[in-house]
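Since the structure comes first, as structure tokens, the remarks are kept for the end.
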Amino acid sequence: VLLIKPQTFMNLSGKAVIQFIDFYKLSLDDLIVVYDDMDIDISKIRIRKSGSPGSHNGMKSIVNILSDDRFPRVRVGIGKPIYEEDIINYVIGPIPEEDMNRLDEGIEKAKEAVVDILKNGLLMKEIFIEFEENIKKIYLIEDRKIIEKHEEDINNPMLEGNIYVR
């Protein structure tokens, strides 16, 4: 397993990804992209097996350079600024202390999701995970509709299965 963090501008992420894939002679089956997403609430994650890049310029670059969108991605919610004109400062500026813990929760969830994808694969279209108090809610989504919902008590030591439904 290799983890890369492109050192290019975010809008040019595809150039770094294609160089990595070409150098190590990888296929898209070997790729998982993890990135921040303002369209998802802070601390939540969304996992997709494939699909369009949405409004994220880094993902647009990756999909454009690879000429393909059939690779999994883990989107980490960062929420949106109160005012739309603050978007650039919100994304590249300092993270307010009150948001840092929630952002760290999302990063931890993304890490766990990537490990689970590496161990077990990813067979569904899309998954959305949220936590409310001690309950982990897992939604399987297909064609923008919830097709299955699952809840787990995260304090129950008997629940150690993976989060992906096959």
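For the numbers below, each heavy atom of this structure counts, side chains included, while hydrogens, waters and symmetry mates do not. We number each residue from 1, following the sequence as shown. As the structure is a prediction and not an experimental result, all values here were calculated from the model.
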Q) Can you tell me how far the CD1 atom of I95 sits from the CD1 atom of I78, to the nearest 0.5 Å? A) 8.5 Å
Q: Taking all non-hydrogen atoms of both residues into account, name the closest pair between S52 and R73 and its distance.
A: O-NH1, 3.3 Å
(Q) If you apply the rule side-chain contact (heavy atoms from CB on, under 4.5 Å), what do you find for L66 with I18, and how did you get there? (A) CA-CA 7 Å; L66 296 177; I18 194 69; 3.5 Å; yes
Q: Evaluate the side-chain proximity of P81 to I87: yes if any heavy-atom separation is below 4.5 Å, no if none is.
A: yes
Q. Closest approach of R102 and S43, non-hydrogen atoms and distance?
A. O-CB, 3.1 Å
(Q) Which residue in the set V34, I47, I32, V114 passes side-chain contact (heavy atoms from CB on, under 4.5 Å) when paired with P72? (A) I32
**Q.** Pairwise ring pair (Phe, Tyr, Trp, His ring centres under 6.0 Å) hits with a residue in residues 46-77, at least two apart
**A.** Y35-H56
Q) What residues form a salt bridge (charged side-chain N to carboxylate O under 4.0 Å, His left out) with D39, not counting sequence neighbours? A) K80
Q. When K109 is tested against each of V76, D104, I45, V74 for side-chain contact (heavy atoms from CB on, under 4.5 Å), which residue passes?
A. I45
Q: Applying side-chain contact (heavy atoms from CB on, under 4.5 Å) between V17 and each of L31, L12, I65, report the one that passes.
A: L31
(Q) Do I4 and M59 sit in one hydrophobic cluster, given that two such residues count as connected whenever their side-chain heavy atoms are within less than 4.5 Å of each other, even indirectly? (A) yes
Q: Using side-chain hydrogen bond (donor to acceptor under 3.5 Å, both in side chains) as the criterion, list what pairs up with K60, not counting sequence neighbours.
A: none
Q: Tell me, please, which residues at least two apart from K15 pass salt bridge (charged side-chain N to carboxylate O under 4.0 Å, His left out).
A: none
Q.
Working to the nearest 0.5 angstrom, can you tell me the gap between T8 OG1 and Q19 CD?
A. 9.0 Å
Q. To the nearest 0.5 Å, how far apart are CZ in R48 and CG in D69?
A. 8.0 Å
Q) When rounded to the nearest 0.5 angstrom, what is the spacing between CD1 in I42 and CD in E98? A) 9.0 Å
**Q.** Test log, rule side-chain contact (heavy atoms from CB on, under 4.5 Å), inputs N11 and S61
**A.** CA-CA 6 Å; N11 295 356; S61 172; 5.8 Å; no
Q: Sequence neighbours left out, what passes salt bridge (charged side-chain N to carboxylate O under 4.0 Å, His left out) with D37? Give chain and number order.
A: R75
Q | Single-linkage hydrophobic cluster, 4.5 Å side-chain cutoff, M10 and I92 together | A | no
Q. When hydrophobic residues are tied together by side-chain contacts of less than 4.5 Å, even through go-betweens, does V63 share a cluster with F20?
A. yes
Q | CG-CG distance between N64 and N57, expressed to the nearest 0.5 angstrom | A | 11.5 Å
Q.
Please tell me whether V115 and L3 are part of a single hydrophobic cluster in this structure, the criterion being side-chain heavy atoms less than 4.5 Å apart.
A. no
Q | All salt bridge (charged side-chain N to carboxylate O under 4.0 Å, His left out) counterparts of D68, not counting sequence neighbours | A | R70
**Q.** Backbone N/O of S27 and side chain of D30: donor-acceptor pair under 3.5 Å
**A.** yes
Q.
If hydrophobic clusters are built by linking Ile, Leu, Val, Met, Phe, Trp and Tyr wherever their side-chain heavy atoms come under 4.5 Å apart, do L103 and I88 end up in the same one?
A. yes
